[in-house]
Amino acid sequence: MSEKVFPKDFMWGAATASYQIEGSPLVDGAGSSIWHRFSHTPGNTYNGDTGDVADDHYNKYKEDIALMKELGLKAYRFSISWPRIFPYGKGKINEKGVDFYNRLVDELLKANITPFVTLYHWDLPAALQDLGGWTNRDIAYWYTDYADYMFQRFGDRVKNWITLNEPWVMAFVGHFMGEHAPGMKDLYASFSAVHNQLRAHSKTVKAFREENIKEGKIGITLSNTSHDPAADSQEDIDAARLAHEWSNYPLFLNPIYKGDYPKGIKEHASEFLPHNYENDLEEIKEKIDFVGINYYSGDLVKADTKSFLGGKNVERGLPKTEMGWEIYPEGFYKILKGVQEEYNPKEVYVTENGAAFDDKVVNQEVHDEKRIEYLKQHLEQALKAIQNGVTLKGYFAWSLLDNFEWAWGYSKRFGIVYVDYKTQKRIIKDSGKWYSQVIKNNSFEF
Ligand code: NCW
Ligand code: CA
């Protein structure tokens, strides 16, 4: 055993997303979102679950902030629901939506917790989907107008901003696999969603600079899976590299930092990129302050000429979480080290890391040993990354609360706090108690 000590001022937090926890999706003048529609359409989610109630955080936010305080969180990452602010996506403003986030932000500051705000975590206003959503080029303007308005209303108190959460998942799970809203299965739509998210992101970063928010920082959060070659053959190495360029940080950071899509994407998927995309590349290359890395799992990749981009995942016998995702902590280090080597961001935050397990309540306690083990193993790799030059400034556990896990509904629990959906009672899991000690000591034994 040794003591793993983090740098002083390391930002310890936990993360959530609006549609996954808030509930009350249509109250106080809010407009419908694509996730409201998608989950209310039969066949799309496990058990027909919806975000109608979720964790009732819309009403219980004070209690939840008290929990954060009890846990000792220094930071809290949450997302703003765009249709609460602009019920139709643009035009008419809903002041009651702004009020909710004002109450939330003020309560966080009162508790000495630093807010990190995600502007978009997948709940697009339904009215904008009717206009083509992320496949319409105009969304870059709709989104920037919304984001800029948020900077104006909250920028005096919120200093840390994230433009988009996991744009790859939005683009491909939502527009190609059809498993997330808006439920499309069109590879061309996916790539146009990638490109328009990049355009929206960079226009918003530009608007943010013009607002001149004192001490304000802005970044983007990207999903990552460690893709490693099954064998030491050139075919497998190429397939793993291509999977990495397509689904991890390079797809977005290559345009943002280097002004073009990754080489492998241009070689193997250029047909899917929108017509004349080259004309937008200069605008997309816009400096950001930090990169947000989400990491959960790894995949072993074998060359397979029959599948998209020439690779398929193969089993390697690692333990898995309840999501069926491999537990592969070494991949976390590889992703963190890789992002620093490839793009050298000024700062990196782990904006999500965590695991779903089948938690059971026993005498008002939840003994989630496996989650503690998962967190330990991953924090060890995060520390190793810092020691090897990664500019990692903070870590957000996913998630603060058990919540609506998208297509999986309430069947998967990621929280460090348990939620009893019948009573809305919260119970801090053993992992939450453990994490709270890590924060307090700024270190842990491993
Ligand atoms: S689903 C997903 N997650 C989880 C979610 O709760 C959170 O909102 C996301 O930021 C935990 O972290 C992210 N990621 C998508 C994984 C892709 C699954 C692809 C399945 C296709 C076969
Ligand atoms: Ca402005």
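Counting starts at 1 for both ligands and their atoms, in listed order. These numbers come from a predicted model, not from an experiment.
With Tyr349 as the aromatic partner, Arg77 does not meet the cation-pi criteria of under 6.0 angstrom to the ring centre and within 45 degrees of the ring axis. Judged by the 6.0 Å and 45° rule, Lys384 forms a cation-pi pair with Tyr333.
Of all protein heavy atoms, the one closest to atom 17 (C) of ligand 1 is Val173 CG2, 4.2 Å. The single protein non-hydrogen atom nearest to atom 16 (C) of ligand 1 is Trp325 CZ2, 3.8 Å, given as residue, atom name and distance. For atom 15 (C) of ligand 1, the closest heavy atom belonging to the protein is Val169 CG2, 3.7 Å. Scanning the protein for heavy atoms near atom 4 (C) of ligand 1, the closest one is Glu405 OE2, 3.4 Å. Nearest protein neighbour of atom 21 (C) of ligand 1, counting heavy atoms only, is Met177 SD, 3.4 Å.
Contact analysis puts Trp122 in contact with ligand 1, with a non-hydrogen atom separation below 4.0 angstrom.
The aromatic rings of Trp12 and Tyr435 sit perpendicular to each other, their planes meeting at more than 60°, with 30° as the lower class boundary.
The Gln20 neighbourhood of ligand 1 comprises atoms 5 (C), 6 (O), 7 (C), 8 (O), with distances under 4.0 Å to a heavy atom of that residue.
Considering backbone and side-chain N/O of Asn165, one or more are found under 3.5 Å from N/O of ligand 1. Considering backbone and side-chain atoms together, Trp398 places an N or O closer than 3.5 Å to an N or O of ligand 1.
The closest side-chain donor-acceptor pair between Asp299 and Thr225, if any, does not fall under 3.5 angstrom. Side-chain atoms of Asn165 and Thr118 form no donor-acceptor pair, as typed in the model, at a separation below 3.5 Å. Residues Tyr295 and Lys334 have side chains that never bring a donor and an acceptor to within less than 3.5 angstrom of each other. Between the side chains of Tyr76 and Thr16, at least one donor N or O sits under 3.5 Å from an acceptor N or O.
Summarising the contacts of atom 22 (C) of ligand 1 with Glu166, His121, Glu179, the nearest heavy atom is found in Glu179. For atom 5 (C) of ligand 1, the choice among Trp406, Phe404, Tyr296, Tyr295 with the nearest heavy atom turns out to be Trp406. Scanning Met170, Lys412, Glu352, His180 for the heavy atom closest to atom 12 (O) of ligand 1 points to Glu352.
Taking the salt bridge (Lys or Arg N to Asp or Glu O under 4.0 Å) definition, one finds that Asp56 meets it with nothing, sequence neighbours left out.
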